Amino acid sequence: MSVTLKDVAQAARVSVSTASRALTGTGLTSERTQQRLVRIARELGYRPNPIARGLKTGQSRLVALLVHNLTNASFQVMAEVVQARLKALGYQMLLCIGGDDPQQESDTLTTLVDHRIDGLIVVPTGKNGAQLKALSKDVPIVCLVRRDDATDLETVLADDPQGAYLGTRHLIELGHKHIGLIVGRQDTTSGRERLSGYVRALREAGIARDDTLIHAGHFVPETGATCARKLLDLPRPPSAIFVANHEATLGVLRVTAERNIAIPQDLSLLCYEDMPWFEWHRPAISIVDNGARDLANLAVDRLLHRMDAKGNGNDGVREYRVGARLVQRDSCRRIESTGTAKAGKSRPSASKSKSSATKPAKV
């Protein structure tokens, strides 16, 4: 049977209210009394009930992070950053996985309300705007990675249009004109914006858009595998593939391995979002880095600001952007001006330089 605050009070021969004030560090109790109560509580094995304390104080000290999955290394980095920042301030992070599923997201939001969370950072599906908007009346919320177009919630985004533009332009500068794109769903912020950056780079280079080279789908490895097979089975397959979401990259790498396609000799490969394994891979995989750590830190900063301002007025809703950057490694090679890659005829680019990152900016 668990030890209650009443048990601690009886053992110390004080009132329950005195025990409560001593153990929470509030109220008029002497330092000697507080130390004695803490010692007795520890000896009895007393653990405070955070839900009961939250009901009394109005603060649960719980902040939730709701992401789609942990397959995406960016979400892993974000979870680590958010947890470390919150822990340092005395909060506990509730990590929730929504599976990019609107119903699962809705059910999770309902559960979080029951736990009386103090704040929420969410990567929204874009399908539960009304529920998020209603929740934001009581709980400070910051959207991360994606915008929910049905709300005016404060949002922290990567500069996805520029990131996809930089990646596509890099491939064009290496001589590629037949570039495949595997991108996320077009009803998501990142999916739409990464496609727009790709199209912009093609347009500026005078290359006509070819929709047979563009495939969009859910953010899962299976999407990458299916789309890669379609691209590679074309009568004229692309000389380069830009995989514009992290989850799909895993499926693309599976297909290239199954078909014994040499990278970059047979196919140049550029991926969106980094993970340590990409640098260790041979060849090391070139990427567009979306700045996951900076995104998470900025989201925490904005959430803490909104939590602090709760009940003291609202300074307005803003959207923030964190710059993306191109990191050149060994998976993309220069090809002949004919626009067709010939295995073994040229060496991977020796360039290992990293383009400068754009500075985080408010928009």
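Side-chain atoms are counted along with the backbone in the values below, which use heavy atoms only and exclude waters and symmetry mates. Since this is a predicted model, take the numbers as computed values, not measurements.
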Checklist entry - Do L144 and M78 come close enough that some side-chain heavy atom pair is under 4.5 Å? => result yes
Next on the checklist: Please check: side-chain N/O of S196 versus main-chain N/O of E193, any donor-acceptor pairing under 3.5 Å?
Outcome noted: yes
Checklist outcome for this item: Residues at least two apart in sequence or cross-chain that pass salt bridge (Lys or Arg N to Asp or Glu O under 4.0 Å) with D160, listed by chain then number, are R194
Checklist entry - Would S268 and H176 count as having a side-chain donor-acceptor pair, cut-off 3.5 Å? => result yes
Checklist entry - So how far is it from L135 CG to T151 OG1, rounded to the nearest 0.5 Å? => result 11.5 Å
Item to check | Linked, directly or transitively: M275 and V327 (ILVMFWY side chains, under 4.5 Å) | outcome: yes
Next on the checklist: Does this structure show an ion pair linking E105 with K127, if we count only N-O contacts that are shorter than 4.0 Å?
Outcome noted: no
Item to check | Inter-residue atom distance C96.SG - M93.CE, 0.5 Å rounding | outcome: 8.5 Å
Checklist entry - Should H170 and F242 be marked as a ring-ring contact (aromatic ring centres under 6.0 Å, His included) after you check the CA-CA gap, both sets of side-chain angles, and the distance that decides it? => result CA-CA 11 Å; H170 170 61; F242 186 6; 9.8 Å; no
Checklist outcome for this item: Tightest non-hydrogen contact, residues S136 and L153, listed as CB-CD2, 3.6 Å
Item to check | Atom of L231, atom of T212 and distance for their closest heavy-atom approach | outcome: CD2-O, 3.8 Å
Checklist outcome for this item: For L269 and S331, the nearest pair of non-hydrogen atoms, with its separation, is O-OG, 2.5 Å
Checklist entry - Any luck finding a side-chain donor-acceptor pair between Q76 and E80 under 3.5 Å? => result no
Checklist entry - Going hydrophobic residue to hydrophobic residue with side-chain gaps under 4.5 angstrom, can you get from V300 over to L298? => result yes
Item to check | Step-by-step side chain to side chain contact (heavy atoms under 4.5 Å, CB included) determination, T168 to L181 | outcome: CA-CA 9 Å; T168 307; L181 177 71; 5.8 Å; no
Item to check | Criterion side chain to side chain contact (heavy atoms under 4.5 Å, CB included) on D100 and V123, from CA distance to verdict | outcome: CA-CA 9 Å; D100 201 18; V123 181; over 6 Å; no
Checklist outcome for this item: Interatomic distance, CG@N72 vs OH@Y272, rounded to 0.5 Å, equals 12.0 Å
Next on the checklist: In this structure, would W277 and V77 fall into the same cluster of hydrophobic residues linked by side-chain contacts under 4.5 Å?
Outcome noted: no
Checklist entry - Which pair of heavy atoms, one from V183 and one from N245, lies closest together, and at what distance? => result C-ND2, 3.7 Å
Checklist entry - Considering only heavy atoms from C-beta outward, does the side chain of D308 approach that of L304 to under 4.5 Å? => result no
Checklist entry - Below 4.5 Å, heavy atoms only, C-beta onward: do V67 and L95 meet side chain to side chain? => result yes
Checklist entry - Would D274 and R329 pass as an ion pair if we require N to O under 4.0 Å? => result yes
Checklist outcome for this item: In short, G119 meets M307 closest at the heavy-atom pair CA-SD, 4.3 Å
Checklist entry - Sub-3.5 Å donor-acceptor pair from the side chain of R334 to the main-chain atoms of E173, do we have one? => result yes
Checklist entry - Less than 4.0 Å between a side-chain N and a carboxylate O, is that true for R85 and D301? => result yes
Next on the checklist: List the residues meeting salt bridge (Lys or Arg N to Asp or Glu O under 4.0 Å) with D289, not counting sequence neighbours, and say none if there are none.
Outcome noted: R325
Item to check | T125 side chain reached by H68 side chain, heavy atoms, under 4.5 Å | outcome: yes
Item to check | Nearest atoms (heavy-atom pairs only) where D211 meets R209 | outcome: OD1-NE, 2.7 Å
Checklist entry - Any side-chain donor paired with an acceptor under 3.5 Å for D7 and T4? => result yes
Next on the checklist: Salt bridge or not between R146 and D148? Use side-chain N to carboxylate O under 4.0 Å.
Outcome noted: no
Next on the checklist: Just verifying a value: how many Å separate S190 OG and N290 CG, rounded to the nearest 0.5 Å?
Outcome noted: 9.5 Å
Item to check | Distance in Å, T256 OG1 paired with L232 CG, rounded so as to fall on 0.5 Å steps | outcome: 8.5 Å
Item to check | side chain to side chain contact (heavy atoms under 4.5 Å, CB included) between H218 and R185, intermediate numbers included | outcome: CA-CA 6 Å; H218 288 277; R185 299 195 330 264; 3.5 Å; yes
Checklist entry - Under 6.0 Å from the CD atom of Q92, do we count more than 12 heavy atoms belonging to anything else shown? => result no
Checklist entry - Do the side chains of I182 and T249 get nearer than 4.5 Å, heavy atoms only? => result no
Checklist entry - Does any non-hydrogen side-chain atom of R321 lie less than 4.5 Å from one of L157? => result yes
Checklist entry - Do L303 and L89 belong to the same hydrophobic cluster, where Ile, Leu, Val, Met, Phe, Trp and Tyr are linked whenever their side-chain heavy atoms lie under 4.5 Å apart, directly or via other members? => result yes
Next on the checklist: Tell me whether T108 contacts the main-chain N or O of Q104 through its side chain, where contact means a donor paired with an acceptor under 3.5 Å.
Outcome noted: yes
Next on the checklist: Please determine whether a side-chain nitrogen of the Lys or Arg among D149 and R192 lies less than 4.0 Å from a carboxylate oxygen of the Asp or Glu.
Outcome noted: yes
Checklist entry - Are any of the side-chain heavy atoms of S60 and D118 separated by less than 4.5 Å? => result yes
Next on the checklist: Between L66 and L109, is the side chain to side chain contact (heavy atoms under 4.5 Å, CB included) condition met? List the steps.
Outcome noted: CA-CA 9 Å; L66 175 54; L109 292 174; 4.2 Å; yes
Next on the checklist: Do V220 and V145 land in one hydrophobic cluster if side-chain heavy atoms of ILVMFWY residues count as linked below 4.5 Å?
Outcome noted: no
Checklist entry - Under the criterion side-chain contact (heavy atoms from CB on, under 4.5 Å), which of L132, V113, L62, L65 is the partner of L120? => result L132
Checklist entry - Hey, what do you get for CD (E319) to CZ (R302), rounding to the nearest 0.5 Å? => result 13.0 Å
Next on the checklist: Consider ring pair (Phe, Tyr, Trp, His ring centres under 6.0 Å). Of F219, F75, F278, which one does H246 pass it with?
Outcome noted: F278
Item to check | Exceeds 12 heavy-atom contacts within 6.0 angstrom, atom CZ of R61 | outcome: yes
Item to check | Side-chain heavy atoms of R36 within contact of I40, under 4.5 Å | outcome: yes
